[in-house]
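In the text below, chain A, chain B and the rest are named by the order of the sequence lines, each starting its count at 1.
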Number of protein chains: 6
Amino acid sequence: MQFETIIVSKKGHIAFVELNNPSKHNSLIYKFWGEFKQAFEDLDKDPVVRCIILSGQGKHFCSGIDLMDFAALANQKKSDPSRSALLIRQILGPMQDGVSAVEKCNKPVIAAVHNACIGAGVDIISACDIRLASADAKFSVKEVDIGLCADVGSLQRFPKVVGNQSWVREVCLTGRTFHADEALKHGFISQIYGNQQELEVKSLELANVIASKSPIAVMGTKRNLVYSRDHSVEEGLEYVKTWNHGMLQTKVLV
Amino acid sequence: MQFETIIVSKKGHIAFVELNNPSKHNSLIYKFWGEFKQAFEDLDKDPVVRCIILSGQGKHFCSGIDLMDFAALANQKKSDPSRSALLIRQILGPMQDGVSAVEKCNKPVIAAVHNACIGAGVDIISACDIRLASADAKFSVKEVDIGLCADVGSLQRFPKVVGNQSWVREVCLTGRTFHADEALKHGFISQIYGNQQELEVKSLELANVIASKSPIAVMGTKRNLVYSRDHSVEEGLEYVKTWNHGMLQTKVLV
Amino acid sequence: MQFETIIVSKKGHIAFVELNNPSKHNSLIYKFWGEFKQAFEDLDKDPVVRCIILSGQGKHFCSGIDLMDFAALANQKKSDPSRSALLIRQILGPMQDGVSAVEKCNKPVIAAVHNACIGAGVDIISACDIRLASADAKFSVKEVDIGLCADVGSLQRFPKVVGNQSWVREVCLTGRTFHADEALKHGFISQIYGNQQELEVKSLELANVIASKSPIAVMGTKRNLVYSRDHSVEEGLEYVKTWNHGMLQTKVLV
Amino acid sequence: MQFETIIVSKKGHIAFVELNNPSKHNSLIYKFWGEFKQAFEDLDKDPVVRCIILSGQGKHFCSGIDLMDFAALANQKKSDPSRSALLIRQILGPMQDGVSAVEKCNKPVIAAVHNACIGAGVDIISACDIRLASADAKFSVKEVDIGLCADVGSLQRFPKVVGNQSWVREVCLTGRTFHADEALKHGFISQIYGNQQELEVKSLELANVIASKSPIAVMGTKRNLVYSRDHSVEEGLEYVKTWNHGMLQTKVLV
Amino acid sequence: MQFETIIVSKKGHIAFVELNNPSKHNSLIYKFWGEFKQAFEDLDKDPVVRCIILSGQGKHFCSGIDLMDFAALANQKKSDPSRSALLIRQILGPMQDGVSAVEKCNKPVIAAVHNACIGAGVDIISACDIRLASADAKFSVKEVDIGLCADVGSLQRFPKVVGNQSWVREVCLTGRTFHADEALKHGFISQIYGNQQELEVKSLELANVIASKSPIAVMGTKRNLVYSRDHSVEEGLEYVKTWNHGMLQTKVLV
Amino acid sequence: MQFETIIVSKKGHIAFVELNNPSKHNSLIYKFWGEFKQAFEDLDKDPVVRCIILSGQGKHFCSGIDLMDFAALANQKKSDPSRSALLIRQILGPMQDGVSAVEKCNKPVIAAVHNACIGAGVDIISACDIRLASADAKFSVKEVDIGLCADVGSLQRFPKVVGNQSWVREVCLTGRTFHADEALKHGFISQIYGNQQELEVKSLELANVIASKSPIAVMGTKRNLVYSRDHSVEEGLEYVKTWNHGMLQTKVLV
């Protein structure tokens with residue numbers, strides 16, 4: 001797996017996906033979304049991989065969408081606004097699909113965030129299963145500042161992973177920066193580590209714990225947690241019963 | 001806009017809605033619901049207004065429904081219980097619509113709560129986007145005490161803005177008072193300020209930050225946050241893509 | 001009500017359901033689910049009972065499913081995997097129904113948890129209305145360790161009562177133990193008491209407060225909180241209006 | 001009730017709403033939607049009215065939206081396409097609300113259609129409870145021809161009242177005219193009468209039968225049929241049980 | 001299986017459930033609902049039974065609820081209307097559960113209807129998979145005439161099995177009788193046979209065809225048809241994929 | 001576009017997709033699903049294409065899945081039934097995606113069916129917008145006969161396009177053949193033509209009518225019809241309003 005905008009590597013049961021545009025603080029060009037999706041689809045099918053760690057090369061985790069690149073795409077001259085609307089649909093679809101690929105991947109994904117995580121960076125980590133950060137991490141739901149693009153998943157997923165909606169709306173409506181401690185306090189991340197090195201070590205430790213469990217059980221747990229978020233309890237129970245009528249026939253029980 | 005039960009004023013891009021029955025601690029008579037709805041519909045259409053602050057005149061934010069007034073309406077003699085049921089539907093509908101008008105309004109609404117916020121007061125602020133409070137603020141989901149009326153939105157919205165459902169059920173099932181610090185700890189409000197004066201200053205500061213952003217982006221953010229709360233992530237993504245195929249054609253990008 | 005796997009008793013308006021397999025740390029055999037369901041259905045119909053406290057006899061609250069007992073059932077020889085799938089559906093259904101009976105019961109249920117609460121124990125208390133714990137309480141979503149059975153409700157209900165989904169996924173995907181303070185911090189329980197005795201006293205106090213309220217209002221509050229969790233705000237408002245067109249005709253108002 | 005675009009009259013328990021722009025074949029100007037909504041809200045509250053007949057004055061039932069009138073509204077010059085998008089939302093909302101008022105009205109509405117029923121005419125009658133037609137009736141889902149406006153309800157309601165979706169898509173995607181017999185064959189209308197006079201007589205007969213029933217039972221039937229269309233069977237059963245816990249307390253049983 | 005209100009018998013893979021109150025034209029007393037539910041739960045578990053035929057003893061299929069019996073239950077004196085509301089919920093729940101048992105049963109159920117099928121009779125057959133009738137069959141959604149009880153499933157299921165909603169609303173809102181040919185024309189039944197004897201022969205033939213298929217495939221087909229009725233296509237596809245990941249492991253393929 | 005299992009051609013605004021395995025009566029090998037999906041994705045993006053006709057080369061439209069080919073895939077030896085379940089999920093996903101591509105394609109798709117249309121053939125045409133047939137057409141929902149595979153969409157889409165659910169369940173539970181006239185009577189197809197040649201001519205005529213309309217309006221109509229099928233009327237109205245706030249800015253109005 002060779003990509004331009006990300007680096008994918010593996011070590012034992014763990015795969016590492018790194019945003020790889022460090023000279024621009026990992027800003028995301030359009031090509032990124034397709035590569036990112038491809039990477040998670042590949043890892044999903046890789047029978048060796050059991051857990052994935054997502055991080056960023058260089059000084060920051062992610063500085064969001066590359067706005068010049070996006071504007072060049074979105075501002076193509078069209079014959080009328082309805083054709084522009086069609087164009088926008090065609091651009092946004094693959095961007096959303098890129099983020100959703102994290103969620104559709106059956107292996108748990110741990111986001112390990114250091115320093116800045118801006119705009120689309122928040123969209124992406126909100127689709128991860130677990131969010132860990134170093135003490136210097138800072139976040140911003142930046143879309144309101146640039147008048148666009150909160151459609152890669154922040155407005156959909158970020159509020160559903162956090163336990164204080166007054167705070168959610170404040171940071172979404174102001175675009176202000178918040179730091180790791182505030183993110184932890186309101187439920188966006190689950191651990192802060194002292195620095196990036198410790199973050200790496202601890203992320204790997206956690207990934208190894210998950211990788212040590214039955215992959216059938218881990219996959220079932222992820223799929224049913226994602227399913228249950230979007231369904232009533234009763235629907236979730238019916239689904240997990242149906243899921244398990246096949247999956248419980250594993251031999252790992254005894 | 002002249003109302004009896006509320007005061008509406010404007011200053012620059014900010015509008016102020018104040019509960020205005022201070023001699024009765026802002027208890028809410030039936031007329032209130034229609035006026036409150038009208039106010040938010042008017043402010044929604046006002047092109048100058050970009051953010052709204054909701055507060056209460058006098059010593060308390062809100063003491064809930066005026067029970068004598070409500071009882072006079074609800075206890076009208078009817079020929080049989082099914083006709084009483086119809087009457088109750090007709091009374092409750094406009095009350096619910098009053099609260100929902102806060103949510104349907106496309107401009108963000110900041111609730112600035114001081115001292116007591118009881119019963120229907122909790123219903124109303126749960127429909128606001130952001131909840132700030134002074135240190136003396138105290139809250140009560142009072143309905144279980146009077147055997148009625150938790151139908152203006154507390155049971156529907158309060159649990160969805162808070163991150164500890166054990167606590168939600170405890171305060172809903174006991175009707176007990178909880179204070180600002182407890183409200184913050186469990187995720188109902190996002191900031192506590194020392195006193196009412198500081199609350200006012202800080203609410204206005206926040207409102208001004210929001211008002212400084214692109215109104216198209218702010219409106220899109222509110223609408224999509226509300227939509228996403230009530231839909232699956234996938235539905236939310238489809239909606240925001242469709243929303244943005246029209247709204248991204250703004251020129252604020254570059 | 002005489003059961004083998006639980007003890008049910010009553011005192012005034014309060015009923016007590018105790019897991020009763022202390023020699024095995026309240027592990028749950030298959031018979032438990034039917035008895036547990038029956039108990040909550042009976043208590044639901046009992047006009048004297050207004051609130052229920054769930055606790056465990058002996059050293060621990062609950063050590064989860066009795067795996068030997070479960071394996072004996074689930075591993076019956078079948079002619080082909082699709083017949084095994086049918087068997088699994090038939091086994092899991094009543095287990096899910098047992099947990100759901102807590103939720104379907106119209107009386108609030110307080111879980112008072114001491115020491116270990118493992119696997120299916122978490123499923124059960126996630127379906128309770130209020131979760132209180134003693135300082136020694138520890139929890140584990142154990143299913144990922146044994147490759148099965150997270151289908152009695154943990155993956156469906158646990159995430160919906162908690163305000164930090166990064167933490168939820170971490171504890172579900174690792175099966176690691178977490179203690180009372182961590183459970184409180186992330187919103188799973190709402191109070192910690194010093195020891196089991198204090199826990200009992202305080203649970204009873206809380207139950208008595210709830211029992212002192214109008215049972216019609218309490219029942220309506222529970223039903224609408226459960227309904228609203230699984231529906232949009234608008235659906236919830238329509239339901240509570242309809243609920244109340246009958247229930248507001250009570251005479252407790254004045 | 002005096003309106004410009006419709007005529008509302010009453011006779012006994014029956015109300016008559018007539019489209020009243022016969023010189024333009026009952027084309028619908030923007031003012032129509034507000035008046036139409038108001039009429040159905042008023043009739044809903046009128047305790048004498050039990051059933052409503054909707055028909056058109058003059059040669060045709062309805063020729064659809066007045067396109068010049070609509071274009072004047074929708075084509076107002078705006079500063080950018082996102083402001084035009086906002087304008088369009090503000091225009092379409094009240095149009096949709098006008099059609100939905102037929103459905104929200106608790107009294108059954110019978111559409112009696114003669115001759116042409118075009119575009120928005122189909123939207124409106126699809127929201128009625130019962131559709132009867134004279135032999136000369138002809139219909140067209142015209143929106144595809146003019147590139148707009150199928151947003152007043154045809155694409156949402158028309159397919160849900162008809163039993164052949166291949167036919168639905170064909171007439172929606174071509175805009176072709178279909179006649180009464182074809183409408184009956186595929187399930188859009190339920191009766192054809194020889195001419196307009198017979199249609200009037202038979203519509204009134206049917207309305208009188210409905211008006212002779214318990215209005216509580218009729219209202220409950222309409223509300224639950226509308227609710228059930230948009231919900232699962234299980235949701236519908238819960239709703240009707242809740243509806244009836246108040247409404248069955250009528251004395252009409254024996 | 002010995003019941004008072006129904007007769008259950010078996011012959012090969014086919015079971016027969018007959019309404020058994022012929023002296024009162026198979027009117028349904030309250031005890032019926034529990035017995036009916038029990039019968040379908042038993043047949044669901046019976047490994048020999050593969051298809052079920054539902055019919056009525058005596059001159060008519062079913063004359064609906066026994067109103068005197070129902071009134072005796074529902075009109076019990078209660079302290080206030082909210083307690084009456086509770087009583088009504090407790091009465092209606094088991095009635096709905098009785099009808100739903102037909103749907104929850106994994107074996108297909110064929111309703112063979114002769115002569116009158118009134119009120120709750122329509123509720124019951126609407127929950128069956130296939131509806132066949134003799135030429136003398138006549139139907140009535142009677143509830144609007146007696147002002148109650150359309151809550152056993154007619155308003156929820158009848159419209160979803162029929163392809164002309166104008167006709168559905170007409171017969172529901174008038175309570176008028178319709179005959180077999182009208183029922184066939186609008187999609188309520190799928191075959192008319194000359195007389196009751198032919199109906200019996202043909203129902204049995206059809207049941208035998210179904211019983212000749214793989215019971216795993218038949219059960220999967222019923223479950224997924226019921227599931228898909230209440231879900232979007234996408235939800236239905238996810239469910240059937242999950243269903244089949246267990247059930248396709250049968251050996252019947254080749 | 002060169003494919004092995006299908007032929008894709010274009011003429012003016014019309015594209016033709018033909019099943020191309022005539023020597024085996026267009027049975028479908030696994031490779032088909034990917035090619036079929038690719039074809040519809042390509043046609044969706046092709047700005048010239050406005051309508052698509054789907055037909056089959058040779059004597060029959062489609063004889064369903066190639067069972068030997070499928071069995072070779074699905075019966076791969078796995079270490080335990082849960083790994084087989086995973087394999088089945090991985091096989092079925094792309095098959096479902098193949099059928100769904102017809103629906104996701106924004107251009108209307110007309111199925112022109114001659115002679116036999118069996119099993120997966122019914123799945124595919126149920127996802128088309130319009131179904132036309134020659135007089136010799138015959139259909140079978142074959143899955144119940146082979147104990148598998150009704151998961152490519154028949155159980156999900158077929159019942160939603162047809163107006164007699166008693167008939168739907170009969171043909172799904174028996175697998176029996178039904179002919180064009182029966183398909184038309186119950187609402188599965190919308191026209192029968194005398195022979196294959198006439199079918200081709202008429203399909204093309206219809207396609208040309210659709211192609212003559214505004215492609216923006218046609219696309220909006222298809223998308224909103226698909227959306228509305230799976231949502232409540234209210235959800236559908238909100239969606240179409242949002243859709244049109246971008247798309248109505250076309251200039252085709254006047």
Side-chain angles (χ1 to χ4, degrees), chain E residues 51 108 110-111 125-126 128-132 157 160-164 183-191 206 209-210 212-218 220-229 231-254, chain F residues 67-68 70-71 74-75 78 81-82 84-93 95-97 99-100 103 126-127 141 143-160 162-176 182 185-187 226-227 229-231:
Chain E
C51 191
I110 300 168
I125 65 169
S126 295
C128 294
D129 295 281
I130 298 169
R131 283 164 295 285
L132 310 177
R157 290 189 184 93
K160 297 197 175 178
V161 298
V162 167
N164 183 321
L184 178 61
K185 179 181 167 192
H186 294 300
F188 185 44
I189 63 175
S190 48
Q191 293 288 346
L206 176 57
V209 171
I210 294 173
S212 71
K213 312 291 176 183
S214 154
I216 291 291
V218 166
T221 298
K222 173 163 182 176
R223 283 272 59 79
N224 278 282
L225 284 168
V226 170
Y227 187 91
S228 293
R229 177 196 63 198
H231 291 82
S232 70
V233 165
E234 195 167 323
E235 297 262 11
L237 289 170
E238 174 62 30
Y239 187 74
V240 79
K241 182 168 71 175
T242 305
W243 181 272
N244 271 338
H245 78 201
M247 294 302 177
L248 277 197
Q249 301 190 38
T250 181
K251 306 303 179 205
V252 303
L253 176 64
V254 286
Chain F
L67 290 180
M68 288 306 114
F70 182 83
N75 292 349
K78 288 287 163 182
S82 67
S84 293
L86 263 183
L87 171 67
I88 289 169
R89 292 187 76 76
Q90 286 159 4
I91 295 169
L92 296 181
M95 294 170 72
Q96 293 186 340
D97 292 348
V99 181
S100 294
E103 205 162 284
S126 296
V141 184
E143 284 84 352
V144 88
D145 270 340
I146 51 173
L148 65 77
C149 277
D151 32 28
V152 195
S154 270
L155 301 182
Q156 291 70 49
R157 291 190 182 92
F158 173 57
K160 296 199 174 178
V162 167
N164 183 321
Q165 298 302 313
S166 179
W167 178 77
V168 163
R169 298 219 177 168
E170 191 223 307
V171 297
C172 289
L173 290 164
T174 62
R176 78 161 167 86
E182 196 177 349
K185 178 181 167 193
H186 294 300
V226 170
Y227 187 92
R229 176 196 64 196
D230 288 333
H231 291 82

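- Of all heavy-atom pairs spanning F:Thr174 and E:Leu206, the tightest one is CG2-CD1, 3.4 Å.
- Between atom SG of residue F:Cys172 and atom CD1 of residue E:Ile130 there is a gap of 9.5 Å, rounded to the nearest 0.5 Å.
- Residues satisfying the ring-ring contact (aromatic ring centres under 6.0 Å, His included) test with E:Trp243, not counting sequence neighbours, are A:His245.
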- [ ] Check the pair E:Val209, F:Arg176 against side chain to side chain contact (heavy atoms under 4.5 Å, CB included), reporting the backbone distance first and the verdict last.
- [x] CA-CA 9 Å; E:Val209 171; F:Arg176 78 161 167 86; over 6 Å; no
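- Interface residue E:Val162: only backbone heavy atoms are found under 4.5 Å from chain F.
- Of all heavy-atom pairs spanning E:Lys213 and F:Leu173, the tightest one is CG-O, 4.1 Å.
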Task: Derivation and outcome, side chain to side chain contact (heavy atoms under 4.5 Å, CB included), residues F:Arg157 and E:Leu237 - done: CA-CA 9 Å; F:Arg157 291 190 182 92; E:Leu237 289 170; 3.9 Å; yes
- [ ] With side chain to side chain contact (heavy atoms under 4.5 Å, CB included) as the test, would you mind laying out the steps for E:Val226 and F:Arg169 before giving the verdict?
- [x] CA-CA 10 Å; E:Val226 170; F:Arg169 298 219 177 168; 3.7 Å; yes
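- Minimum heavy-atom separation, F:Ile88 to E:Asn244: CG2-O, 3.8 Å.
- At least one donor-acceptor pair under 3.5 Å links the side chain of F:Lys160 to the backbone N or O of E:Ser228.
- When only modelled atom types and interatomic distance are considered, E:Thr242 and F:Arg89 share a side-chain donor-acceptor pair under 3.5 Å.
- If you measure heavy-atom distances from E:Lys185 to chain F, you find no contacts under 4.5 Å at all.
- At a 4.5 Å heavy-atom cutoff, the contact between E:Leu225 and chain F is made by backbone and side-chain atoms alike.
- Formation of a donor-acceptor pair under 3.5 Å by the F:Glu170 side chain with backbone atoms of E:Ser190 is not found in this model.
- The salt bridge (charged side-chain N to carboxylate O under 4.0 Å, His left out) check on E:Glu234 picks up nothing, with sequence neighbours excluded.
- Looking at E:Tyr239, there are no atoms closer than 4.5 Å to chain F (heavy atoms on both sides), in backbone or side chain.
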